[in-house]
Amino acid sequence: MNRILSKRQLSAEVFQMRIEAPLIARERRAGQFVILQLNSHFGERIPLTIADADPVEGSITIIFQTVGRTTHLLALKNAGDTVEHLVGPLGQPTHIEKFGRVICVGGGIGVAPLHPIAQAMKAAGNEVIIIMGARNKELLILEEEMRRIADELIICTDDGSYGRKALVTAPLKELCEADPKPALAVAIGPPVMMKFCAETTRPYGVHTMVSLNTIMVDGTGMCGGCRVTVGKETKFVCVDGPEFDGHLVDFDNMISRLKAYKPREDADHHRCHLEEAIKEKDVV
Amino acid sequence: MSHLTPEQLTEEARQELARLTKPLSPKQRLAIPEQEMPAQDPVARRGNMQEVALGYSGEQAKLEAERCLQCPTKPCVKGCPVGINIPAFIQKITEGDYQSAIGIIRESSLLPSVCGRVCPQESQCQAPCTVGKALKSIDKAVAIGRLERFVADWERENGLIKSPDVKPATGKKVGVIGSGPASITVAADVRREGHEVTVFEAFHRPGGVLLYGIPEFRLPKAIVDQEISSLKSMGVEIKTDFVIGRTRRLTDLLEKDGYDALFIGTGAGLPKFMNIDGENLVGVFSANEYLTRANLMKGYDNRAATPIFPSKKVAVLGGGNVAMDAARSAVRLGAEEVHLIYRRTEAEMPARVEEVAHAKEEGVIFHTLRNPTRILADERGWVSGMEVLKYELGEPDSSGRRRPVEIKGSEFEMEVDTVIVAIGNESNPLIRQTTPGLQTSKWGTLIVDDTGKTSLDRVFAGGDIVLGAATVILAMGEGRRAAAAINKLLL
């Protein structure tokens with residue numbers, strides 16, 4: 001169960017894996033995620049978005065960045081290995097319908113969860129314009145996959161090493177001003193990027209959906225660790241989300257909540273790299 | 001009261017037993033001192049996760065059992081939600097026949113090791129006890145729960161637990177959703193009749209609230225694992241990492257996967273918050289989250305990858321068992337000060353008396369007639385304190401309890417860095433949201449008839465998903481009832 005079928009490194013810290021998970025592959029819809037755990041006794045449970053699925057083969061594709069202990073350990077696994085626990089699909093699926101012109105904005109690894117949504121939006125008959133952003137060319141992921149879906153693909157890099165030298169909000173603003181006006185924007189990426197995308201579209205009244213990746217334990221509504229403030233209400237990302245109206249999300253609160261365990265995570269990250277370095281040295 | 005070691009308590013009981021001359025008159029029985037539960041030293045246990053209550057020795061159990069008057073009215077049996085024949089098992093303990101004693105309990109209860117530890121006996125079997133009445137204190141009732149635990153532990157520690165016989169296969173299939181006390185009961189009772197049983201659990205380990213909620217120091221995980229392995233040895237299949245409503249819909253189990261009946265025992269796993277300002281600050285946790293990190297995810301162990309928030313001053317909001325569990329866990333996880341804030345007085349606290357006493361012994365500071373009005377933040381959005389309002393007791397309300405009334409202008413600030421909200425749970429919405437036709441109450445609990453059947457054919461439910469947040473024994477009782485109805489349906 002949960003056998004890794006393939007593994008591909010997309011950039012320095014980003015990996016893609018196809019994992020055998022027939023039940024999840026059958027039920028999942030765009031916008032949903034899984035929770036993964038590598039060790040029954042001492043492992044942590046982490047949420048990861050489902051980037052793609054193949055119900056015929058019975059597999060799902062996950063894309064992750066090595067940020068904490070579990071993602072580092074996961075990156076060391078290879079095809080043929082198994083993932084001890086995988087549960088899902090969790091969260092509410094994206095509401096897909098024919099809206100008209102839909103702008104999909106993906107930043108960094110946020111392009112991974114954006115991929116199935118863009119796919120579904122295209123399949124529903126929308127005109128899909130995709131804006132992808134990364135710090136530099138090397139960190140850009142899924143360009144070919146997105147190009148296949150997009151009616152227009154705009155690439156931005158912070159350093160200008162590829163595509164436009166701009167933040168994703170620049171082309172987003174231009175599209176809000178263009179005719180026809182977008183019916184919907186979907187922005188997924190680092191919280192700060194989503195916050196500024198929402199601020200960009202707000203004056204134009206373009207409905208903007210964001211997908212939040214908060215800290216979770218169970219992923220089924222039991223712990224409330226993932227809660228965010230949306231409008232005046234408290235919502236649970238795991239059961240009410242992960243997608244919310246970007247104009248109502250309190251991003252500052254969400255960003256501070258993401259840092260709750262930062263000292264511990266930084267220490268783990270540091271240790272993981274040390275361990276990797278030691279391992280490489282041993283091999284040599 | 002000074003702390004007596006288990007050895008001292010046993011020695012005292014031995015001497016007392018030697019003094020007893022049988023047959024004992026009721027007066028002599030009433031004169032036997034009630035047996036204190038041996039416990040880990042309060043100072044030592046602040047630094048470990050091991051079980052606090054250590055269990056009676058044989059001498060203590062026998063002596064405590066002699067306190068029972070074997071009264072003909074047996075009010076204790078009526079007080080037990082599953083009607084255990086309490087005087088009969090206690091009689092067997094006085095005879096030293098523990099095997100028969102546990103046999104009598106097992107006729108009515110499936111989880112004696114668990115219930116002996118976590119049942120609120122003082123409000124159930126021990127509340128109407130004649131001995132307690134005669135001695136004018138519930139605290140002096142026969143310690144039925146401790147005796148139950150004694151024989152259940154004796155059976156387990158001696159490797160005498162037998163998995164129940166399973167009748168020949170009927171070819172019928174039953175799905176049990178959730179793996180807490182209600183579900184464990186249904187799985188066992190239905191499997192016994194020869195039906196195929198599959199348990200679906202969302203978490204990576206089965207046991208439900210017994211595992212994620214009740215801490216190790218109150219209910220060792222090994223006991224829960226034992227109950228689960230009993231189920232497995234009966235041939236019950238357990239699928240972990242399986243969320244009904246997401247991985248598979250309930251209706252698909254019935255219509256596509258060939259299940260003949262289903263039991264929903266998904267519990268009350270949706271934490272309530274206070275709806276006050278500052279509740280989403282960094283450092284505010286539901287008790288569910290805090291306890292899950294500490295228990296199921298083993299946050300107390302430095303090998304665990306799941307982090308625990310590093311707290312110095314903790315405030316726990318609430319007065320139930322979950323609040324005590326959270327406060328006592330915070331003590332063990334290294335907090336310097338743990339405060340418990342409750343709106344009413346200690347007399348109204350829903351927590352078991354024993355848990356309140358244990359919490360105090362471990363240094364938890366109680367603040368009654370207090371309620372927070374908002375949680376305060378530092379410049380980073382992390383909890384820095386709490387504004388608290390004082391209350392006083394006013395006129396009795398419709399329930400007869402004196403209502404707490406706020407004292408205007410009495411707000412004061414408390415400096416804390418962590419707030420744990422333990423004011424109860426609502427029912428998890430996942431199944432009702434994904435199952436058309438399933439009727440629920442306005443509180444989101446499932447509506448069932450007197451056999452435990454829901455509004456859907458062949459779908460039963462029980463435990464906290466029906467009762468709202470209740471107790472292990474009530475969940476078990478509900479499971480029994482639903483299992484009987486399922487077995488009848490599948491005849």
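A note on names: the letters A, B, ... follow the listed sequences, proteins ahead of strands, and every chain is numbered from 1. Values in this document were obtained by computation on a predicted structure and should not be read as measured data.
- B:Thr247 contributes a side-chain N or O that, together with a main-chain N or O of A:Gly88, makes up a donor-acceptor pair within less than 3.5 Å.
- Classification of the B:Phe285-A:Tyr261 ring pair by plane angle, with boundaries at 30° and 60°, yields tilted.
- Contact annotation: the side chain of A:Met222 approaches that of B:Thr292 to within less than 4.5 Å [non-hydrogen atoms, C-beta and beyond].
- Looking at B:Arg380, only its backbone comes within 4.5 Å of chain A, counting heavy atoms on both sides.
- Here the closest non-hydrogen pair linking A:Ala260 and B:Val282 is CB-CG1, 3.6 Å.
- For the atom pair NZ (B:Lys298) and OG (A:Ser40), the distance works out to 8.5 Å, reported to the nearest 0.5 Å.
- B:Val243 has its side chain within reach of A:Leu90: a pair of non-hydrogen atoms, C-beta onward, lies under 4.5 Å apart.
- Salt bridge B:Arg246/A:Glu27: absent, no basic N to carboxylate O contact under 4.0 Å.
- You'll find the side chain of A:Leu23 reaches within 4.5 Å of the side chain of B:Phe242, heavy atoms only.
- Most heavy-atom pairs under 4.5 Å with chain A, from the set B:Gly269, B:Gly245, B:Ala377, B:Pro271: that is B:Pro271.
- Heavy-atom distances place the backbone of B:Ile308, and not its side chain, under 4.5 Å from chain A.
- When atom types are taken as modelled, the side chain of A:Asn253 and the backbone of B:Asn280 share a donor-acceptor pair closer than 3.5 angstrom.
- Heavy-atom minimum distance, A:Arg257 versus B:Leu281: NH1-O, 3.2 Å.
- B:Pro429 places none of its side-chain heavy atoms less than 4.5 Å from the side chain of A:Phe236.
- Contact count versus chain A (heavy atoms, under 4.5 Å) is highest, among B:Gln433, B:Arg249, B:Met297, B:Glu289, for B:Glu289.
- We find the CD1-CZ distance between A:Ile24 and B:Arg248 to be 13.5 Å, quoted to the nearest 0.5 Å.
- Closest of all the heavy-atom pairs between B:Gly381 and A:Ser256 is O-OG, 4.3 Å.
- Looking at every heavy atom in both residues, B:Arg303 comes nearest to A:Arg69 through O-NH1, 3.5 Å.
- Closest heavy-atom contact between B:Val284 and A:Arg227: O-NH2, 3.0 Å.
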Worked check of side-chain contact (heavy atoms from CB on, under 4.5 Å) between B:Leu430 and A:Thr220
CA-CA 8 Å; B:Leu430 246 179; A:Thr220 61; 4.2 Å; yes
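- Looking at B:Leu270, the atoms closer than 4.5 Å to chain A (heavy atoms on both sides) sit in the backbone and in the side chain alike.
- Scanning both residues, A:Cys223 and B:Ser286, for their nearest heavy atoms gives O-OG, 2.5 Å.
- Each of A:His85, A:Glu84, A:Arg45 was evaluated against B:His204; a single residue qualifies, A:Arg45, per the side-chain hydrogen bond (donor to acceptor under 3.5 Å, both in side chains) test.
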